[in-house]
Enquirer: 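What follows is a structure written as structure tokens; I'll ask about it next.
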Amino acid sequence: MEYNFNDIERKWQKYWKENQTYRTENGGDKPKYYVLDMFPYPSGAGLHVGHPLGYIASDIVARYKRLKGYNVLHPMGYDAFGLPAEQYAIQTGRHPADTTKENIARYREQLDKIGFSFDWSREVQTCDPKYYKWTQWIFVQLFKSWYNCKTQKAESIDTLVALFESEGFNGTTHRVLTGDIEHDVKPFTAAAWKNFSEKEKSDVLMNFRLAYLGEAWVNWCPALGTVLANDEVKDGVSERGGYPVERKRMPQWSMRITAYADRLLNDLNGLDWSDSIKEAQRNWIGKSEGSSIEFRIADSELRIEVFTTRPDTIFGVTFVTLAPEHELVDKITNAEYKEAVTAYVNVAKNKSERERQAEKKVSGQFTGAYVIHPFTNEKVPVYIGEYVLAGYGTGAVMAVPAHDSRDFAFAKHFNLGIPQVVTAPEDHDFSKESYDAKEGKLINSDFLNGLNVKDAVRRAIDEIEKRGIGQGKVNFRLRDAAFGRQRYWGEPIPVYYKTVPSSTSTPLSLTTELIPEVMDESDLPLILPEVDKFLPTESGEPPLARAKNWTYTPPNERTNSTPASPQDGGEELKRTNSTHASPQPLSGGEGLSESEEDLIVEEAARHYKTANKDGWAKLKNMARENRTKLTPAEEVLWERLRNNKIGHKIRRQHPIDFFIADFICIRARVIIEVDGSYHSDADQLAYDEHRTFVLNEMGFKVIRFTNEEVLKSTDDVVSRITNVLDSEREAALSFGELGEARAAGGKYQLETTTMPGWAGSSWYFLRYMDPQNDKELVSKEVADYWKNIDLYLGGAEHATGHLLYVRFWTKFLYDIGKISVNEPAQKLVNQGMIQGMSMIARVVSRKLPTIRIIPGKPIVDPVGNTTPTSLLIEQEDLIIGENFRQGLPVERPIHIPVEFCEFGSGSYYITEEGLSKLKEKYPQFVSFRFANAEDISNLWTDLFKAEISQDVLSTLEAIDKRTLRSEVEKMSKRWLNVVNPEDICDQYGADTLRLYEMFLGPLEQHKPWSTNGISGTHNFLKRFFRLFAEVSNDAPAEAELKVLHRTLKKVADDIERMSFNTCVSTFMIAVNELNDLKCNKRAVLEPLVIALSPFAPHAAEELWSVLGNKDSVTKAIFPAIDEKYLVDNTVNYPVQFNGKMRFTIALAADMKPADVEKEVLASAEAQKYLEGKAPKKVIVVPKKIVNVVM
RNA sequence: GCCCGGAUGGCGGAAUCGGUAGACGCGCUGGUCUCAAACACCAGUGGAUUAACCUCCAUGCCGGUUCGACUCCGGCUCCGGGUACCA
């Protein structure tokens, strides 16, 4: 049998789609199994070969579990908000909604080609208002909640208010968690609380809310008017544009994840996650117990509070170091040091946190100030140093150089004392390094002398508390999560700022004060507004500040004349000539209006030139004629659907684009086709497929029934149609309609920052359970059925980000009773990253004497100014080749897109032709060319200030300029090293891709992508098909059954332990062996097809039907394994002498160890190695090995 | 810097609990088929030594535990990921 993968794959993908093979119901008798892939972000680069690795693995598990009788939930969707789309929007002016929609369509197309068993009816997109309504809803709940440390759970803020009203707040009974730099809320009485102004109450409660407006350190770039990620800062300037960046404290919406620190830490123990991930989370949470200690500043009332995990070493303190941003720096610095301190602060301020931590060079600056040691009363100098981070602990450390390596380096550098206070091993040299271990006895430490470290810590805290200079404290490295972004493309934060008359008149707010409030739940979602540019405003406010009428009136303050919504009224910005995330609904009236017709024609014309006004008129006439001659089936159906009988307006024989739909509900955008028998014809099938594709593109859903179905089970057909229409009615709501549905607008300013990328992905696993629910984020009943994820698959790069946030939100939703699980995923597996091979050219840039203008695409600078149609080239970039080893001036490595590079005779290179193609696609490379003799001679002259000799020149010229260096890196658009899986599908088929990606190696391991060896998996499929040439119904031989059952056993075991590469090997071995046995028995092949179906579903479906099965192989049952074929009655014992394998000997499996020893020693082979001597000892491990010790 | 991983033939990898290191696939070599090529099929393939058998060496490096170590322990080297606003 020949293996025509193209035909087979197309055929079965279509079959699955039409039969909704992978649709999953909530509930039923089967046990549930929820297998989820981490949310993909639909990047513009499309899916690369790394993405499917995890999806294939999870798909195999999903399919396998189905065969094992589980009800499997295996959904997919998109984490669609994010920076890249916004960046692209800034550069091109295209709306992120449009590009995101395109990217999603592209992803879907790519995903469909690989044959995944996702239930697409459950797809979610985080940028869809119907989805982010609930993200915002969760935010509102977080805002309205506080964390009660006594009950260890989130409670309504009302219970806290009640507490304040009855007993006030004494400052210590509740641990106040503020995150970032901790500060305490001052105690107040119940009476005082009642007298607080509204603003004061709001401020106090802000210290307790789980979503709160606080302050946080950020990388602020004034020129770009935005906050940058550490990633986007290089050497103190923005990566994009090279503008200065500084650390700045800014008001920020934050999430009090620190409240959950203990639970996030403790609950890790019950999870079936890899130890490394759990360890990473533990380290990230970074719970450390220690003490706060106050140091009084000499000749001042000011105090520095430090946090230390080693209060026992207090007598070893020789200096105190503050973070350069510390608020006291200005106040305590002596006039003498002002200049130096300011200079140092400015340098440190311009570095990102990561750069500062990675800095190996010790740096710091004395402030001229001293603190008084609380126990010895000695003066201790105060320094600032960039190794102290403002965001951790209190932003100040007491330095004990003898027992902390960073303090030690600092003390060495500044020549400060290093007194030892803990005993160390004798050979420890305190002039070379500190002794950091928490072992030893305290010395030189007054009342702590003689105690071991552990006891000394306790004793020191006691003493510190007794003297009132500090207290025992638990510190977490975990910081509260910044939740506001100065960006456009994210969920709007549903907060408005209520204005109230000022209670105290301060110079800044003379008449009014702002109180942040959350919107009423009934007004959600707050739709992302249209803006004219996706950039900050001129005054540096986030992009949403550009939205017209970005205001809100809460329900209780509304009057009838209040405008309905921010998107309402004459000021509304309407997006034209672009497609919305959800399609615009057409009006439901009889016949189409002129403008609706225009819309359809216009939409169709974008795809197909055949659609025009004339064609439309003809089509309408044809359709009208058709209505008079309906087929019997159509007639029957029409009687059931007409006149709004099923609650939806249906038309029959209605023209859409250049097709005529049998039945259509325009409002829900659903087309119902009733197919005659000729629809099984191949040409007709192809036409139908094309037609469905076009209609899908236009936003219509197409459902099909055969004449037979309609006539025989009309009730069933009608109810299926009704179901589809009911669910699509919701989906057809557009941006605008949702905006109207929410009565709002007017009185108060809305928040202008948006939520971060992780917001939508922190709860999506719940939405998949109940994706259409418009009453709540998930119904309790459904959530209780699916509980949590049984297998969660994703990259290890999410170890501390996403996985902590999703655990946090899950715990919160559990606390407020929305769900009954405490953790999102019971089992987690991290797939390794498929890395890309980056191509790097060595380039020397030279300024051109005159500016060259090259026609090309417009360029946009980082602040959004466009230079139209041409590129101004001020410099030339000469590619000098990897082998040109002379150090050259201003040489830099440049990434070249991998698709233009070639491999040959041991190295990667780019040809002239490749380079010119590259320039066409990527205008940033227009200034690149290969260096020639003249260039080399010029470079030489520049570098050595001497003429190049003819000999050297010809040597250098002979070197291949085209050679590139390769480097293994994360596959990413940024490194231009992305490989597309579709190319593989076209060449070898999806099943080969699936097998190959699994065959590459263990799932968890990182590996660079290479197609070497893909032919092996492809050949395997071909060989497998060949076994089915003539299938016989004869009873199989024992040997054949042995092959079968061993294969089944190994494959089942290996799937369970997620070892898919060995599964593929096992199948290969099976095929090789069956080939040798010339086996063509159905009884062997049929079970094998089932076992292979999770891996190569298209091929398996095809062979399954070839074997005469009518239903899909996905409905089969995984074959039972017969143990009797797994046992061997002889064992081939390897015999070792002194641990070295010498020979093997075949013995009965049930032979006793003593007999095995006897047999082995008696063997002729053994005599040779024994050389007549008696062995010292013989170790026999039954059924494993024999080791003779001489 | 800190945290988490990884390293086995020419290449991807196997060895699941400390028990025959190199399964399976690629590549390469030789052969069969063919006018020839492709496909397919058969055989070989870690290194050194050897005519062959034998023997020795080999799982990044150094050391340890053990009858026996790719696997466990201690110390390094190099590579990858994360490092809080990339997702």
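The figures that follow rest on heavy atoms only: side chains count, while hydrogens, waters and symmetry mates do not. Bear in mind the structure is a predicted one, so any value in this text is a computation, not a measurement.
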Enquirer: What is the distance, rounded to the nearest whole Å, between atom CG of A:Asp1076 and atom P of B:C41?
Expert: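 So the two atoms are 11 Å apart, to the nearest Å.
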Enquirer: Measure all distances between protein nitrogen or oxygen atoms and nitrogen or oxygen atoms of nucleotides 85-87 of chain B, and list the pairs falling under 3.5 Å.
Expert:
from, atom 1, to, atom 2, distance (Å)
B:C85, OP2, A:Arg485, NH2, 3.4
B:C85, O4', A:Arg485, NE, 3.1
B:C85, O4', A:Arg485, NH2, 3.4
B:C85, O2', A:Leu228, O, 3.2
B:C85, O2', A:Ala229, N, 2.5
B:C85, O2, A:Arg487, NH2, 3.2
B:C85, N4, A:Gln252, OE1, 3.4
B:C85, N4, A:Gly484, O, 3.3
B:A87, OP1, A:Leu83, N, 2.8
B:A87, O3', A:Asp79, OD2, 2.8

Enquirer: Specify whether A:Phe483 and A:Trp809 have parallel, tilted or perpendicular ring planes, treating 30° as the upper limit for parallel and 60° as the lower limit for perpendicular.
Expert: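 A:Phe483 vs A:Trp809 ring planes: tilted.
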Enquirer: Grab the NZ-C1' distance between A:Lys278 and B:G5 for me, whole Å please.
Expert: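 Computing the A:Lys278:NZ to B:G5:C1' distance gives 17 Å.
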Enquirer: Check the distance between B:G12's P and A:His1006's NE2 and give it to me in whole angstrom.
Expert: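 One finds 16 Å between P of B:G12 and NE2 of A:His1006, rounded.
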Enquirer: Given that both distances must come in under 3.5 Å, which nucleotide forms a Watson-Crick or G-U wobble pair with B:A51?
Expert: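 Result: none.
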Enquirer: Do A:Thr1062 and A:Ser1065 have side-chain atoms, one donor and one acceptor, less than 3.5 Å apart?
Expert: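 A:Ser1065 and A:Thr1062 do not have a side-chain donor-acceptor pair below 3.5 Å.
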Enquirer: Using both distances under 3.5 Å as the test, list the Watson-Crick or G-U wobble partner of B:C41, or none.
Expert: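 WC or wobble partner is B:G31.
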Enquirer: Under a 3.5 Å limit for both distances, which nucleotide forms a Watson-Crick or G-U wobble pair with B:G46, could you say?
Expert: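 WC or wobble partner is B:C57.
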Enquirer: Could you run down the sub-3.5 Å N/O contacts of the protein with nucleotides 54-61 of chain B?
Expert:
from, atom 1, to, atom 2, distance (Å)
B:U55, OP1, A:Tyr1169, OH, 3.1
B:C56, OP2, A:Arg1142, NH1, 3.3

Enquirer: Can you classify the ring geometry of A:Tyr996 versus A:Trp1009 as parallel (below 30°), tilted (30 to 60°) or perpendicular (above 60°)?
Expert: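 A:Tyr996 vs A:Trp1009 ring planes: perpendicular.
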Enquirer: In terms of ring plane angle, is the pair A:Phe1095 and A:Phe1067 parallel, tilted or perpendicular, where the classes change at 30° and 60°?
Expert: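 Ring orientation, 0 to 90° scale: perpendicular.
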Enquirer: Can you tell me the Watson-Crick or wobble partner of B:U83, both distances under 3.5 angstrom?
Expert: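 Partner of B:U83: B:G1.
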Enquirer: What's the gap between B:C33 and B:A38 when it is taken at their C1' atoms, as a whole Å value?
Expert: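 Here B:C33 and B:A38 have their C1' atoms 12 Å from each other.
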Enquirer: What is the distance, to the nearest angstrom, from the CG atom on A:Leu803 to the C1' atom on B:G82?
Expert: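 It works out to 12 Å between those atoms.
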Enquirer: For A:Trp284, does the six-membered ring have the charged nitrogen or CZ of A:Arg477 within the cation-pi criterion, i.e. under 6.0 angstrom from the centroid and within 45° of the normal?
Expert: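 Pair A:Arg477/A:Trp284 counts as cation-pi.
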Enquirer: What is the distance from NZ of A:Lys1049 to P of B:U16, rounded to the nearest Å?
Expert: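 For the pair A:Lys1049 NZ and B:U16 P, the rounded distance is 15 Å.
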Enquirer: Flag the pair A:Asp1053 and A:Lys1049 as a salt bridge only when some basic side-chain nitrogen lies within less than 4.0 angstrom of an acidic carboxylate oxygen.
Expert: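 Yes.
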Enquirer: In this structure, how many angstroms lie between the P atom of B:C3 and the NZ atom of A:Lys287, rounded?
Expert: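 The answer, rounded to whole Å, is 20 Å.
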Enquirer: For the P atoms, the ones on B:G6 and on B:G13, what distance do you get once it is rounded to whole angstrom?
Expert: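 Nearest-Å result for B:G6 against B:G13 at atom P: 13 Å.
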Enquirer: So, does the side chain of A:Asn1187 form a donor-acceptor pair with the base of B:C67 at under 3.5 Å?
Expert: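 In this structure, the two groups form a donor-acceptor pair.
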Enquirer: Considering every strand shown, what is the Watson-Crick or G-U wobble mate of B:G74 when both distances are under 3.5 Å?
Expert: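 Looking at the geometry, B:G74 pairs with B:C62.
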Enquirer: Specify the separation, in whole Å, of atom CG of A:Leu1027 and atom P of B:C41.
Expert: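 So the CG-P distance, A:Leu1027 to B:C41, works out to 11 Å.
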Enquirer: If we count only N and O atoms by modelled type, under 3.5 Å, do the side chains of A:Asp480 and A:Thr258 hold a donor and an acceptor together?
Expert: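 Note: A:Asp480 and A:Thr258 side chains meet the donor-acceptor criterion.
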Enquirer: Run the ring-centre check on A:Tyr988 versus A:Phe5 and record whether the distance is less than 6.0 Å.
Expert: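 No, they do not, as the ring centres are separated by 6.0 Å or more.
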Enquirer: Given the side-chain rings of A:Tyr41 and A:Trp758, with only the six-membered ring counted for Trp, is the space between their centroids under 6.0 Å?
Expert: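 No, the ring centres sit 6.0 Å or more apart.
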